A.B. asks: 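Would you mind keeping the following structure in view while I ask a few things?
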Amino acid sequence: MPELPEVETMCRGLAPIVGRRIAAVEFPRSRVRPSPVRPGRTALARRVTGRHVEAVQRRGKRVILELSGPSGSEALWLVVEPRMTGLMLLVDPPSPEHVRLVLTLAGPRGHSLRDHGPRRLLFWDRRGLGTIRLCDARGLEAACGSRVLGPDGLQVTAADLEARLRSSRRAIKVALLDQRAVAGIGNIYAAEILFRSRIDPRSACRRLRREHWERIAAETRAVLGEAVRLEGSSIGDETYRTVDARVGRFQTRHRVYGRADQKCGVCGTPIVRIVQAQRATFFCPRCQSRARR
DNA sequence: CGTTCAACCTGGGCGC
DNA sequence: TGCGCCCAGGTTGAAC
């Protein structure tokens, strides 16, 4: 579920945990993935317990907690990939049985009196496809480095896209989901970006011209930026929420995603749903034209 | 290089 | 009611 805007909203919401100490770690029914730091859950909990949250960052669709070590030891990073249904929560979860990670938080260094910060951080994931990795500096590079993730969607340029996709035979919609090409776009935003760019999602990348790449890059930044300002897209119950369990508001701005058979807001033609690379694609067959170069 | 498929999981919705 | 099927915001690896 969460794409860049949702993950960015999570990260911003986690600002209050920066500086806090991790007093306890539990991994009920979670998937801990192999990484250069490869402890089991027990050892992982032991390595994380007692560290302080130094920073919260986002790379693509990943949440990264930077954990400072005891003096003299190196930093570690907890990398969380929410995948389809994962949520970071500072409040009670929708259901207790789907909580995958519990970080019990204590006050900032040296302060325990009058502690009003968040008492715990939860990773809740109904489907359980999300992943948690503990990484050292090398592992962080392997998990989130430039070999894995392309330029961030909020800053991507036409030159970035053109350099990576110009000669690709893939359909542009499929290519926009490739995190090595551009990091952070998922199924909702790919559809919305291409609608606003007026480009048919089936267009082969190699058929696109400079003007197309300019439009796609500009709309990528605009759509993702607007979605961040509206705190992401919440569709349905027990779906994406902010860390306080509030709903996002960008779903009201969706022009094509999830709107099969409804009239296009621009031309009135029914929105079409097709399948590309095993994923639904929504577009307006009239407003979005096929690039043929 | 690219596409397709299965797999990883849970749960809501729909037709019968 | 119940069953089977399809669907879902993501990613990976194998097969072709």
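Worth saying up front: this structure is predicted, and the values here are computed from it rather than measured. Proteins come first, then strands; the chains are lettered A, B, ... in the order of their sequence lines, and each starts at number 1.
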A.B. asks: Do A:V80 and A:R62 come close enough that some side-chain heavy atom pair is under 4.5 Å?
C.D. replies: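 Not in contact.
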A.B. asks: Between C:dT11 atom P and A:I132 atom CD1, what is the distance in whole Å?
C.D. replies: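 My rounded result for the distance is 16 Å.
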A.B. asks: Contact class for A:R100 vs. all strands (heavy atom < 4.0 Å): base, sugar-phosphate, or nothing?
C.D. replies: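 Touches nothing.
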A.B. asks: Considering every strand and a 4.0 Å limit on heavy-atom distances, what is the contact class for A:Y189: base, sugar-phosphate, or nothing?
C.D. replies: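 Counting heavy atoms under 4.0 Å across all strands, no contact is made by A:Y189.
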A.B. asks: Rounded at 0.5 Å granularity, tell me how far CD in A:E26 sits from CG in A:L122.
C.D. replies: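 Those atoms lie 10.0 Å apart.
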A.B. asks: Within this structure, what is the CD-to-P distance between A:Q276 and C:dA8, rounded to whole angstrom?
C.D. replies: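 Between P of C:dA8 and CD of A:Q276: 13 Å.
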A.B. asks: So what does A:R170 hit on the nucleic acid, given a heavy-atom distance under 4.0 Å: a base, only sugar-phosphate, or nothing?
C.D. replies: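 Counting heavy atoms under 4.0 Å across all strands, the contact made by A:R170 is with sugar-phosphate only.
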A.B. asks: What about A:Y189 and A:F250, are their ring centers closer than 6.0 Å?
C.D. replies: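 For A:Y189 and A:F250, the ring centres are under 6.0 Å apart.
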A.B. asks: Before accepting this row, confirm whether a basic side-chain N of the pair A:D152/A:R221 lies closer than 4.0 Å to the acidic partner's carboxylate O.
C.D. replies: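 Salt bridge between A:D152 and A:R221, a charged N being under 4.0 Å from a carboxylate O: no.
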A.B. asks: Toss me the dot-bracket line for DNA chain C: Watson-Crick and G-U wobble, both under 3.5 Å, 5' to 3', using | for pairs to another strand and [ ] for crossers.
C.D. replies: .|||||||.|||||||
A.B. asks: Without decimals, in angstroms, what is the distance between A:I235 CD1 and C:dA8 P?
C.D. replies: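 To the nearest whole Å, that distance equals 11 Å.
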A.B. asks: Are A:L4 and A:L230 joined in one hydrophobic group, where the rule is that I, L, V, M, F, W and Y side chains link up if heavy atoms are under 4.5 Å apart?
C.D. replies: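 Yes, it is one cluster - the side chains of A:L4 and A:L230 are joined through contacts under 4.5 Å.
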A.B. asks: In whole angstroms, how far is the P atom of C:dC7 from the CG atom of A:D261?
C.D. replies: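 So the CG-P distance, A:D261 to C:dC7, works out to 14 Å.
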A.B. asks: On DNA chain C, nearest-nucleotide positions of A:G236 versus A:V148: which is more 5'?
C.D. replies: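 Closest to the 5' end, via its nearest nucleotide, is A:G236.
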A.B. asks: In terms of the nearest nucleotide of DNA chain B, which residue is placed more toward the 5' end: A:E97 or A:S167?
C.D. replies: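 Residue closer to the 5' terminus by nearest nucleotide: A:S167.
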A.B. asks: Can you check the distance between B:dC1 and C:dG10, where both ends of the measurement are the C1' atom (answer in whole Å)?
C.D. replies: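 The same atom, C1', in both gives a distance of 23 Å.
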A.B. asks: Contact class for A:G186 vs. all strands (heavy atom < 4.0 Å): base, sugar-phosphate, or nothing?
C.D. replies: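 Here A:G186 touches the backbone only, sparing every base.
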A.B. asks: Hey, where on DNA chain B does chain A first and last touch, going 5' to 3'? Cut-off is any atom under 4.0 Å from a heavy atom.
C.D. replies: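 Going 5' to 3' along DNA chain B, contacts run B:dG2 to B:dG11.
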A.B. asks: Within this structure, what is the CG-to-C1' distance between A:L87 and C:dG10, rounded to whole angstrom?
C.D. replies: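 After rounding, the gap between these two atoms is 14 Å.
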A.B. asks: Just call it for A:T239: base, sugar-phosphate, or nothing, with non-hydrogen atoms closer than 4.0 Å on any strand.
C.D. replies: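 Base, at least one base atom sits under 4.0 Å.
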A.B. asks: Going through the distances and angles, do A:S289 and A:D200 end up as a side-chain hydrogen bond (donor to acceptor under 3.5 Å, both in side chains)?
C.D. replies: CA-CA 5 Å; A:S289 58; A:D200 188 310; over 6 Å; no
A.B. asks: Using a heavy-atom cut-off of under 4.0 Å over every strand shown, decide if A:Q278 touches base, sugar-phosphate, or nothing.
C.D. replies: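 Contact class for A:Q278: base.
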A.B. asks: Taking 4.0 angstrom as the limit, do A:E81 and A:K61 come out as a salt bridge?
C.D. replies: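 Salt bridge: no.
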A.B. asks: Hey, are the side chains of A:W124 and A:R100 touching, using non-hydrogen atoms and a 4.5 Å cut-off?
C.D. replies: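 Heavy-atom side-chain distance check fails, nothing below 4.5 Å.
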A.B. asks: Listing request: all side chain to side chain donor-acceptor pair (under 3.5 Å) pairs with a residue in residues 264-278 of chain A, at least two apart in sequence or in separate chains.
C.D. replies: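 Passing the test, one end in residues 264-278 of chain A: A:Q276-A:T281.
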A.B. asks: Please state how far atom CZ in A:R273 lies from atom P in C:dC6, giving the value in whole angstrom units.
C.D. replies: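 To the nearest whole Å, that distance equals 12 Å.
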A.B. asks: Mind running salt bridge (charged side-chain N to carboxylate O under 4.0 Å, His left out) on A:R180 and A:D178 for me, showing each step along the way?
C.D. replies: CA-CA 5 Å; A:R180 289 167 306 186; A:D178 181 347; 3.3 Å; yes
A.B. asks: How many whole angstroms separate atom CZ of A:R127 from atom C1' of C:dG10?
C.D. replies: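 After rounding, the gap between these two atoms is 9 Å.
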A.B. asks: Expressed in angstrom and rounded to an integer, what is the separation of A:H254 atom NE2 from C:dA8 atom C1'?
C.D. replies: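 It is 14 Å, rounded to the nearest whole Å.
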A.B. asks: Using atom C1' in both nucleotides, what's the gap between C:dC3 and B:dC8 to the nearest angstrom?
C.D. replies: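 24 Å, rounded to whole Å.
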